[in-house]
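What follows is a set of notes on a single structure, which appears directly below.
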Amino acid sequence: MEADIDKVNILLVDDKPERLLSYEAVLAQLGETLVKAHSGEEALRRLMETEFAVILLDVSMPGMDGFETAELIHQHPRFENTPIIFVTGVHIGDLDRLQGYRLGAIDYVQVPLVPDILRSKVAVLVELYRRRRALAGENANLTRVNLELQTERAQEFESLSRTLALANAELALANAQLEAEVAERRRAEAQLQQLAGKLRQADRRKDEFLATLAHELRNPLAPIRSAVSLLQSECSDAAAQLSLDVIDRQLRQLVRMVDDLLDVSRITHGRIELRREPTELGPLLSTAIETTLPHIQAMRHVLSVDLPPTALHVDGDPQRLTQVFGNLLNNASKYTLPGGRIGLSACIDGSEVLVRISDSGVGIPPERVDDVFDLFVQVDTSLERAQGGLGIGLTLVRRLVQMHGGSVRALSDGLGHGSCFEIRLPLSAAMTSASPIPGTTAATEIPVAPTPPAGRRILIVDDNRDAANMLAQLLGMSGHEVRAVYDPELALQTLVEFAPDLAFLDVGMPKLNGLELASMIRADPHGAHVVLVALTGWGQEDDRRRSRAAGFDHHLVKPADPVEIERICREAVPH
Ligand code: ADP
C-alpha cells in the first residue's frame with residue numbers, strides 16, 4: 001500500500017462486494033491505491049492504519065450506516081477534512097442530503113453509477129488532496145527553513161553577543177586602565193603643583209634672602225668706606241697709601257656688587273622706579289667712564305671714545321643710565337686681557353640713539369649671546385675663572401634699558417674675538433643744539449673735594465658705633481666740629497646743648513628710628529633750623545618720600561659717598 005510513494009489511497013466502503021468490485025473497476029484507471037472496507041467499522045480500522053485522499057462511502061449499510069460512519073470519521077481530528085463521497089442506492093430526499101453535507105460529505109453519487117462521473121469526482125478530490133499534501137510539504141519545508149533560519153540567526157546573534165560581550169569586557173578593561181592612568185596623571189599633576197608651589201616658595205625665599213643679604217652687607221660697608229677715606233687723607237706712608245688704594249678699589253667693587261644685588265632683587269619684585277628727566281648722554285657717558293677708568297687703567301687697556309658733536313638727549317634716569325654704561329664698560333674691561341682695546345661710540349640712528357661698547361676681549365660663543373642677559377648666567381662658570389661677579393650685571397642692564405623703552409643686544413664673532421654691546425634708546429623730542437662732548441681726558445679727571453668755607457657744627461646719631469665714629473672722624477678731618485651720639489633717646493638733649501647746623505641720622509635704629517627722631521627734632525624749637533640728613537640702606541622713591549615727610553632735607557643711601565657728604569656740609573643752609 002505504501003510502496004508507491006506518489007500514489008494516494010482511496011477508501012471504498014460498501015457492505016456489498018459486487019459494488020466494491022464495480023467501484024474498483026471504475027476507479028482503477030486513476031492508478032491510485034484502492035482500499036476496500038465492507039462495513040463502517042472496518043472503514044474506521046483502515047483509517048487508523050493509513051491516510052486517505054478520499055472516501056467513497058455507501059449510505060445504507062447494515063449496522064453502522066454511512067452517516068454514522070462519516071460522523072465518527074470526521075470527529076477524529078486527523079480526518080476531519082477528509083472528503084467523503086456518499087453512494088446512495090435510492091433517490092434520497094433533500095433532508096438526508098442536507099444531513100450528509102452537515103456530516104462532512106462533499107458529494108453524492110447514485111447507483112447505478114455513471115463511471116465517468118464517479119471517476120472525475122474522485123479524480124478532482126484526489127487532485128485536491130495531492131495539492132494539499134504538496135502545500136503541506138512546502139509548508140513543512142518553509143517551517144523547517146524558517147526554523148533553520150531562526151537557529152542560524154540565533155547562533156549569529158549569540159556569537160555577535162559573545163563578540164560584543166568580549167569587546168565590552170575589553171573596553172571596560174581599557175576604561176579601567178585609562179581611569180587608573182588619569183588618576184595617576186592627576187596624582188602626578190598634584191605632586192607637580194605641590195613641587196611648583198615649593199619651588200615658588202623657595203624662589204621667594206631666595207629673593208627675600210638676596211634682598212636681606214644685600215641690605216645687611218651695605219651696613220658694614222658704610223663705616224669701612226668712611227675709614228678708608230679717612231686713612232687715605234691722613235696717611236703719608238707710600239706703602240700704606242698703596243694698600244689703601246687697593247682696599248678702596250676692592251671696596252668700590254664690593255659696593256657695586258652689593259648694589260647690583262639689591263637692584264636685581266628690586267627688579268624681581270618690580271620695585272625699581274625710574275626718575276626720568278630730559279638728560280644729555282655726553283656727561284652721563286663721561287661719568288660712566290670716570291667710574292670704570294681705574295679698572296681700565298689698571299688693565300692697561302686703550303680706550304677710544306667716539307661721540308658726535310651734537311648733544312644727544314634722551315628722556316631718562318641719569319643715575320640708572322650711568323649705571324648701565326658703567327656696567328658695560330666695566331665688563332668690557334673685565335673680559336679683555338690686559339692691554340686690550342675698548343671702544344665707546346654713540347650716534348643717532350633714526351629716532352634712536354645708538355651706543356656701542358666694544359672690546360677686543362675673550363668674546364662670547366654665538367649660542368650664548370642672547371642668554372648672557374639672563375639672571376645669574378655666566379659663560380665661564382669654572383671656579384678658577386679670572387673674573388669675579390655674580391652674573392646679574394647684564395640682567396640689570398637689559399631691564400633698565402627696557403624700562404627706558406630701549407633695547408640691548410650682544411654681538412660677538414665667538415670666543416677670542418671680542419664683543420660688542422649695542423644699546424638703543426629713544427631720542428627725546430627736545431633735541432637741543434651741539435654741546436661739547438667730553439673726551440677721555442675729561443673722563444679721567446677725578447673730582448677732588450674742595451675745602452669747606454667754614455667748619456660746621458655736625459651731630460651724628462647712629463647706634464652703630466663704628467659707623468658713627470668713622471663718619472665723625474671723616475667730618476672732623478674736613479674741619480667740622482662733630483658730636484656723635486649712639487643712643488637716639490639722648491639726641492634731643494645733645495641738640496639743645498650742642499646746637500648743630502646739621503645732623504646725620506641713621507634711619508634704622510632700635511627703640512627710636514631715624515624718621516621718628518627727625519619728626520621730634522623738627523617739632524622742637526632747637527631743631528627747627530637744623531639741616532637733617534638721613535643715612536639709610538633703602539633708596540627707593542617711597543623711602544625718600546617718607547624721609548622728606550619726616551622732615552629730612554637729604555636722603556643718603558649707605559655707603560654714602562664722602563664727596564656727597566662733603567658737598568651737603570658745604571652747601572647746607574640752615575632753615
Ligand atoms: P658677571 O660679569 O658678574 O659675571 P654679567 O651679567 O655682567 O655678570 O655678565 C654675564 C656674563 O656675560 C659674564 O659672566 C660673561 O661670561 C659674559 N660677558 C659679559 N660681558 C662680556 C664681555 N664684554 N665680553 C665677554 N663676555 C662678557
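One-based numbering, in listed order, for ligands and for the atoms of each. Along the sequence shown, residues are numbered consecutively beginning with 1.
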Nearest to [atom] by heavy atom, [options]: which?
| atom | options | answer |
| --- | --- | --- |
| atom 12 (O) of ligand 1 | V372, T395, D374, L396 | V372 |
| atom 9 (O) of ligand 1 | V362, V369, L394 | L394 |
| atom 23 (N) of ligand 1 | D359, L375, I392, I364 | D359 |
| atom 27 (C) of ligand 1 | Y335, F373, F376 | Y335 |

Atoms in ligand 1 flagged as close to [X], the criterion being non-hydrogen separation under 4.0 Å:
| X | answer |
| --- | --- |
| V379 | 14 (O), 16 (O) |
| K334 | 1 (P), 2 (O), 3 (O) |
| S419 | 22 (C), 24 (N), 25 (C) |
| V377 | 10 (C), 11 (C) |
| G391 | 1 (P), 3 (O), 4 (O), 6 (O), 8 (O) |

So, for Q241 and Q232, which heavy atoms are closest and what is the spacing to 0.1 Å?
->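 Residues Q241 and Q232, closest heavy atoms: NE2-O, 3.3 Å.
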
Pairing donors with acceptors under 3.5 angstrom, does anything connect the side chains of [X] and [Y]?
| X | Y | result |
| --- | --- | --- |
| N469 | Y486 | yes |
| R320 | Q323 | yes |
| E181 | Q177 | no |

Thinking salt bridges, do R409 and D370 make one under a 4.0 Å N-O criterion?
->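 So R409 does not pair with D370 through a salt bridge.
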
Does a salt bridge link K511 with E489, judged by any charged N lying under 4.0 Å from a carboxylate O?
->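 The answer is yes: the pair qualifies as a salt bridge.
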
For atom CD of Q540, decide whether the heavy atoms of other residues, nucleotides or ligands shown that lie under 6.0 angstrom number more than 12.
->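 Enclosed.
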
Polar-atom distance check: G393 versus ligand 1, any N or O pair below 3.5 Å?
->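 Yes - when backbone and side-chain N and O of G393 are compared with those of ligand 1, one distance drops under 3.5 Å.
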
